[in-house]
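Chain A is the first sequence line, chain B the second, and so forth, proteins listed ahead of strands; every chain is numbered from 1.
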Amino acid sequence: MKLHNSYTNKVEDFKPIDGNKVKMYVCGPTVYDNAHLGHARCYITWDVLYRYLKFKGFDVTYCRNVTDVDDKILKKAESEGKTPEEVSTYWYQRFTESMNALNNLRPDIEPFATKTLGEMIGMVKDLIAKGYAYETNGDVYFRVKKFPHYGYLSKQPIDALESGARVEVGVQKEDPLDFALWKKDEKFGYKSPWGVGRPGWHIECSAMSRKYLGKTIDIHAGGADLIFPHHENEIAQSECANGCKFVNYWLHNGFVTINKEKMSKSLGNFLTIDDLLKNYDANTIRFFILTNHYRMPVEFSDEALQSAAAGVKRLLNAKPAKIDEGLNIEQFAEYKEFVDAMDDDLNTSRALAALFELTNKANKDIQGAYTVLFKLASVLGFTFEKQKLSEEELKSVINALNSDMGTNYTGMDEVIAARKKAREEKNWAVADAIRVGLDKQGIVLKDGKEGTVWELK
RNA sequence: GGCGACAUGGCCAAGUGGUAAGGCAGGAGCCUGCAAAGCUCUUAUCCCCCAGUUCGAAUCUGGGUGUCGCCUCCA
């Protein structure tokens, strides 16, 4: 299996440190607001990596942190008159709901920054003891110049970074490039050897990664906007504190754009996952994301989502057959193509093409095709479960139909039986009126050889 | 300014030296009472432009043009 490593900027063979065990860390959300389509892309991408690694037989430990101590959370807490805990707890729940709605698997470990403070403080102490960090007036900073590899991940020459570095007012740094490991904060802070304060964002990930996965891990992933400074700083801190390599494979996903511009909180041009789910289902959003390679930008538009909806419908509408658990799916050419594609740095668009081949074969009743399709589609996180109507929704559909047609049906079976009778009597007016009436309620009737079935549009 | 990525049919998108996957949309046919779904066929002499390397390039090299991203919080 090959993966693109941002550190070397090359596609490399993936080899875990320890046999088939894979330690994988993904930078999780800062929980202060709604997640948007950009977050959806990131977490769907790494969900697919997680699923695929497991499918390949790796023993994966997937850790995705929750940043629950941060300026933005504090600001929100102050403006809303709440405690930071209330804000982060609320938005963490929202985030979890969004992830579930998108059918993302839960990471094996979801550590909270506020629960890993001891590890962070220990790491900062180490860095000071080793001369990589210094305390000034309650703040602690990392000496960037002490780490010779600084800038390697982001491919930034250090002098270029230096000339662009901002000098904050009222901060006593030795060098403008130095970044905060610990910030004095007497209002919301925690006790530390340097007074009351809170951790810098970067040290959080370094500490959580070390605590839950170890000093050197296989994969560290996140959005490409985290390369600088976040991941660059993580490398500096971790490698100086631990005295060994931090991460073997750095993986980064591209952005979702809208009107050719990066979708982001600060630009305000974002669509929340909740809002999207009102118009499109999880399979559609996933398909939309996976039609593009994960490192390429993806341009959002309603047209693109509608196209994705039509595409995923074809896939999931494949003619069902009994799932054959004993089937050797590896003998199928499409299986091989799927694995080849995914092994090639997660080429999901090629993998999807293999799924479409299987769909075509399943529709032609070719033995086993549906089983292979079902299994491989699950690796990409698609779910074949049809959306169902609740009793109440079904009742309101029937009621609407009755009031349209002046009838008295009590259930869908009765409606279908009535239509069957009308068709047998060649009473096309009634038969078509029922179909049109249901269509208005978002229900499609399909007349097949084995009778008529209904489903949601 | 520094660093990086991308440019393939109406739209999206694979393809990194041997002659253009796949999806959406469109067209024709089959099936159907008519539909829907499905099935079959069909839609790029050509891959931003120019030059070069090669028997052969969308794919390699050089030079343009255009778009985007990072360099500040950001998935």
Visitor: Charged N to carboxylate O below 4.0 Å: is that the case for A:R198 and A:D71?
Guide: yes
Visitor: How far does the C1' atom of B:G26 sit from the matching atom of B:U43, given to the nearest Å?
Guide: 8 Å
Visitor: In the strands shown, is B:U59 matched to any nucleotide by a Watson-Crick or G-U wobble pair with both distances under 3.5 Å, and which?
Guide: none
Visitor: Answer yes or no: does a side-chain N or O of A:N259 lie under 4.0 Å from OP1 or OP2 of B:C68?
Guide: no
Visitor: Does a side-chain N or O from A:N317 land closer than 4.0 Å to OP1 or OP2 of B:A37, or not?
Guide: no
Visitor: Mind checking the C1' distance from B:U61 to B:U53? Whole angstroms is fine.
Guide: 7 Å
Visitor: Is A:K313 near enough to B:G23 that one of its side-chain N or O atoms lies under 4.0 angstrom from OP1 or OP2?
Guide: no
Visitor: Check this one for me: any side-chain N or O of A:N347 less than 4.0 Å away from OP1 or OP2 of B:A21?
Guide: no
Visitor: According to a strict under-4.0 Å criterion, is A:R314 in side-chain N/O contact with OP1 or OP2 of B:A25?
Guide: no
Visitor: Please give the distance between the P atoms of B:U59 and B:C3 as a whole number of Å.
Guide: 25 Å
Visitor: If the plane angle is over 60° it's perpendicular, under 30° parallel, otherwise tilted; pick one for A:H220 and A:H231.
Guide: perpendicular
Visitor: Would you say B:G4 has OP1 or OP2 under 4.0 Å from some side-chain N or O of A:N9?
Guide: no
